[in-house]
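Here's the structure, in structure tokens; my notes come after.
Since this is a predicted model, take the numbers as computed values, not measurements. Protein chains get the first letters and strands the later ones, always in sequence-line order, with residue 1 at the start of each.
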Amino acid sequence: MAAAFRSARAEFVRIFANVAFGVSMLAIWGVLTLIGVVVQQNQPPDAYAAMYPPALSRAILRLHFDDIYHSIWYLISVGLVLLSMITATFAKVIPRRLPRLNPVKIDAIPLHEHFRVTGTPESIRARIEAYFSSHGWNIRKRSFDGVEWSFADRFNWARIGVLVNHTAILVIAAGTTLYWWLGFSGTTAILVGQTVRIPQTGARIHLDRFNFTIKPIATKSGMVYQPTDYVSHVTVTGKSGIARPMTIRVNHPIDIDGTLYYQASYGFGIAFDVTHDGKPVPGLSGHTLLQGQTLAFPGSIRSLQYAQFVPTVDKATGLPAPDPRVNNPAVILTVLAEGNPLGQTMVPMGSWVDVGGGWRIVPRKATLLSGIEYRYDPGVPLVLIGALLLLLGLVITFYFLPARLFVRVDDCHDGTCDVGLAATTIKGYDIFEAPFKELCAALATSPEIGDQR
Amino acid sequence: MTTHFMSLDGVLMIIALFSYMIGALALVAYFFTRSEWLKHLGAPLAVAGCLAQFGQLIARYTETGIWPLLNLYGSLSLFAAMSVAIFIVFAIKYKLWFAGGFVLAIAAIFLAYGVTWNEGVMPPVPSLQSYWAKIHVPLVVSAYGAFLVSFVFSALYLVRYYVERKNTAVAVGGGSTEVSVWLSSLPSLPQLDVLVYRSVAVGLPLLTLGIITGAMWAHEAWGAYWQWDPKETAALFSWIIFAAYMHLHTRREFRGVGSNWVAVVGFISIIFCYLGVNIWISGLHSYKM
Ligand code: HEM
């Protein structure tokens with residue numbers, strides 16, 4: 001039993017710690033990520049039916065590709081990447097030791113060079129060691145069978161780059177998990193003059209004013225109405241119970257008791273006057289509807305949905321104009337019968353429309369509303385730390401290449417010595433070819449050592 | 001059309017475009033002929049074009065007071081400038097002018113394409129009015145520039161690899177030596193491979209930092225540092241590809257053809273992330289409220 005478990009575990013480690021396996025998992029993660037870029041996310045089912053052939057749209061919905069980043073596939077792929085990375089870290093990265101300080105065959109190492117230097121072996125070794133030490137190499141000496149060796153290491157500490165990176169990924173994963181576990185988010189729409197209470201935090205926000213600025217700009221392809229500012233002036237009551245005036249702007253969220261509130265959107269609520277057979281109906285009149293809300297008429301199968309606000313109707317054509325500033329506004333209403341849409345009608349503010357059965361409505365007043373998003377995410381500091389660690393690890397990995405030089409000094413018994421120099425790195429030889437050449441050239445011309453190659 | 005093209009901004013843009021085009025021709029010719037004078041013509045043109053481009057961006061900023069990188073015109077312009085700038089550093093450090101023609105030609109194409117997106121001067125929408133715009137955009141665009149350089153070297157690697165393989169097959173039957181003589185004047189396959197690695201070593205940390213600063217900005221502007229918006233996810237996709245490249249490069253059995261194909265795919269994904277998503281796929285990054 002124990003033997004079977006051990007061999008299963010060994011097999012698991014053999015597969016999961018393999019770089020090829022890890023890269024395959026990265027590839028799967030990448031492909032799933034790409035699907036979510038290409039297939040529009042979080043659309044209603046009929047939107048996919050309209051965009052794709054029936055078989056494809058069915059497959060998208062059935063496989064949850066319409067919300068791929070929250071699908072089981074995505075979770076599994078990220079899980080496998082993490083598992084593979086953790087296994088590799090424990091099986092390969094952590095156990096990896098520095099190669100022992102042993103003599104090597106200088107000429108068998110692709111990066112090697114020989115120098116003839118005048119002096120005794122001791123003096124030459126001292127000079128070479130002094131040279132390398134002053135150039136950031138860490139020198140150690142060993143004697144093997146009467147031959148003196150020096151080993152020079154550089155950036156050995158940088159071997160932790162991999163560990164820093166892999167840890168960073170785990171820290172980011174932990175930070176995002178913290179949000180799923182303890183965090184929350186939501187949106188709320190507040191009409192000017194209205195107060196809302198945020199359910200998760202109990203904070204109360206009163207919208208005093210909302211301002212938006214839109215600049216009309218003539219461009220080569222016509223008039224563009226560029227929004228340049230959205231700002232909510234609010235009065236906020238948090239846990240302290242003290243009301244404070246604050247402003248929420250795009251790029252300038254506010255913090256109420258650790259939850260952040262952001263300016264997300266704006267719109268208009270519409271108050272309608274409703275009459276039946278010419279008489280006002282107090283229960284239905286005066287209510288302010290938000291976009292998408294419906295007005296039902298007692299005893300009638302008809303209802304009206306506030307579909308869209310049109311800030312500017314072109315006076316010449318009677319059609320909606322692209323100008324988002326309020327100037328000759330109207331409302332587009334969807335007429336519904338038993339909940340099914342029959343058609344749409346555009347009603348200028350202040351004019352009336354007959355719904356049938358003696359019902360008549362007048363869109364009376366448009367009130368600005370501010371869309372606020374809020375979010376409490378205790379994982380943010382962890383994610384930030386992970387991200388910075390990731391960056392640090394990448395810089396270490398790419399810019400600090402651990403390398404080792406082997407230096408052998410042989411007495412030629414004519415007042416000179418043969419100095420053999422070879423280099424290895426943890427990433428092979430090619431990557432050190434140019435630095436090695438530079439190093440040899442510098443060594444050969446250095447005044448302390450000089451050369452008689 | 002009248003005042004705009006007379007402005008310093010327009011003049012510098014024209015100088016940059018022409019420098020790149022002539023420089024590209026000269027350096028491509030240098031690549032094939034190895035006549036030194038072509039290098040002495042092309043290299044200064046590359047530098048002149050690059051300087052003109054940075055001058056153009058600065059001129060545009062000082063003339064309008066608006067950060068010039070917030071539309072495709074400005075960002076493509078920086079992309080071309082950074083690609084050439086990063087290449088110039090590599091070319092000087094590692095003697096690589098032979099590859100400059102391809103970098104300049106691709107940069108010129110993107111720059112010319114960027115000019116077609118010149119819509120004139122517009123103040124930025126509220127979500128773009130942030131100091132992050134001055135940090136995040138240059139970082140990602142510089143990452144893209146580094147990947148353009150890595151693309152040129154990985155493509156050269158693959159061309160050399162396949163030509164060599166074909167040549168060895170031919171040589172066995174007593175084939176041509178002209179091509180092999182010419183090939184031998186290029187860096188060796190391992191040297192080309194190291195150049196790709198070194199340019200990815202510039203691109204990947206920049207892309208990582210670009211994604212991080214983007215997330216910090218999103219946290220401020222949209223309330224969540226990550227929203228699975230198409231632009232973010234496309235950048236994540238590219239990041240995953242280059243992370244895969246980096247891992248493949250640690251193994252001798254994948255280093256070479258395999259890792260260089262991945263680098264090529266990585267650059268294609270970068271262009272998809274950069275232009276494909278901006279143009280075909282809308283999302284939060286289309287900057288609408
Ligand atoms: C898919 C799961 C992963 C596995 C199985 C894995 C495995 C490994 C292994 C075994 C190494 C050592 C390679 C060697 O030097 O021989 C390594 C290196 C490295 N890993 Fe990972 N890793 C994974 C994911 C990641 C991720 C997501 C990152 C984030 C950037 C990362 C960053 C690094 C870095 C920077 C190195 C050093 C590369 C170099 O020395 O050039 N790894 N990885």
Side-chain angles (χ1 to χ4, degrees), chain A residues 19-20 22-23 26-27 29-31 33-34 36-38 40-41 68-70 176 185 215 217-221 224 226-231 249-253 260-266 373-375 377 380 383-384 387-388 390-391 394-395 397-399 426-431 433-434, chain B residues 1 94 118-130 132 188 190-191 193-194 197-198 200-202 204-205 208-209 211-212 215-217 219-226 228 230-231 233-234 236-237 240-241 243-244 246-255 269 272-273 277 281 289:
Chain A
V19 171
V23 169
L26 284 176
W29 180 30
V31 168
T33 301
L34 186 61
V37 179
V38 177
Q40 265 197 47
Q41 297 291 289
I68 196 164
Y69 303 117
H70 301 100
T176 51
S185 65
K215 289 197 177 138
I217 293 158
T219 69
K220 285 179 198 154
S221 46
V224 169
Q226 185 85 336
T228 57
D229 197 17
Y230 304 103
V231 52
R249 262 203 163 86
V250 176
N251 275 314
H252 301 279
L260 295 174
Y261 296 76
Y262 304 84
Q263 183 65 53
S265 60
Y266 78 99
E373 246 170 59
Y374 55 93
R375 192 174 178 90
D377 186 347
V380 167
V383 173
L384 182 62
L388 297 178
L390 182 63
L391 193 64
L394 285 176
V395 170
T397 303
F398 282 126
Y399 292 98
I426 61 165
K427 285 179 193 152
Y429 305 108
D430 303 328
I431 197 139
E433 193 182 311
Chain B
M1 193 70 190
Y94 304 108
N118 185 1
E119 282 289 337
V121 180
M122 259 203 260
V125 295
S127 64
L128 292 179
Q129 296 167 14
S130 166
W132 285 115
S188 67
Q191 283 166 339
D193 180 71
V194 168
Y197 182 80
R198 291 202 195 289
V200 172
V202 177
L204 188 55
T208 308
L209 190 56
I211 294 176
I212 294 170
M216 290 166 104
W217 184 1
H219 180 250
E220 234 173 78
W222 300 323
Y225 59 85
W226 195 265
W228 299 108
K231 191 81 173 179
T233 26
L236 175 64
F237 175 63
I240 293 171
I241 294 183
M246 183 181 70
H247 281 89
L248 289 175
H249 201 267
T250 63
R251 309 273 94 187
R252 198 164 307 152
E253 62 269 35
F254 303 120
R255 193 183 303 163
S269 83
F272 171 72
C273 167
V277 173
I281 298 170
M289 269 288 270

Tell me which of these, [options], has more heavy-atom pairs under 4.5 Å with chain B than the rest.
options                       : result
A:L391, A:L394, A:T228        : A:T228
A:I68, A:L260, A:L34          : A:L34
A:V380, A:V31, A:V395, A:T397 : A:V380

Which residue out of B:R198, B:E253, B:H249 racks up the most heavy-atom pairs below 4.5 Å with chain A? B:R198
Are any of the side-chain heavy atoms of [X] and [Y] separated by less than 4.5 Å?
X      : Y      : answer
A:V383 : B:W226 : no
A:V37  : B:F237 : no
B:H219 : A:D377 : no

Portion of [X] that has a non-hydrogen atom of chain B nearer than 4.5 angstrom:
X      : result
A:T176 : both
A:V231 : neither
A:A434 : neither
A:Y399 : side chain
A:I217 : side chain
A:I426 : neither

Below 4.5 Å from any heavy atom of chain A, which atoms of [X] appear? Answer side chain, backbone, both or neither.
X      : answer
B:I241 : neither
B:R252 : neither
B:Q191 : side chain
B:Y94  : neither

Sorted by chain and residue number, the salt bridge (Lys or Arg N to Asp or Glu O under 4.0 Å) partners of B:R251 (sequence neighbours excluded) come out as none
Could you tell me which residues satisfy side chain to side chain contact (heavy atoms under 4.5 Å, CB included) with A:V23, sequence neighbours excluded, listed by chain and number?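 A:V23: side chain to side chain contact (heavy atoms under 4.5 Å, CB included) contacts with A:V19, B:A244, B:H247, B:L248.
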How long is the straight-line distance from [atom2] of [Y] back to [atom1] of [X], given to the nearest 0.5 Å?
X      : Y      : atom1 : atom2 : answer
A:D430 : B:Y197 : CG    : OH    : 12.5 Å
B:I212 : A:L388 : CD1   : CG    : 6.0 Å
B:L204 : A:L390 : CG    : CG    : 8.0 Å

Of the non-hydrogen atoms in [X] and [Y], which two are nearest, and what is the gap between them?
X      : Y      : value
A:L26  : B:I240 : O-CG2, 3.3 Å
B:G223 : A:R375 : O-CD, 2.8 Å
A:F398 : B:M246 : CZ-SD, 3.7 Å

According to the interplanar angle, ranging from 0 to 90°, do the rings of A:Y69 and B:W228 count as parallel (below 30°), tilted (30 to 60°) or perpendicular (above 60°)? parallel
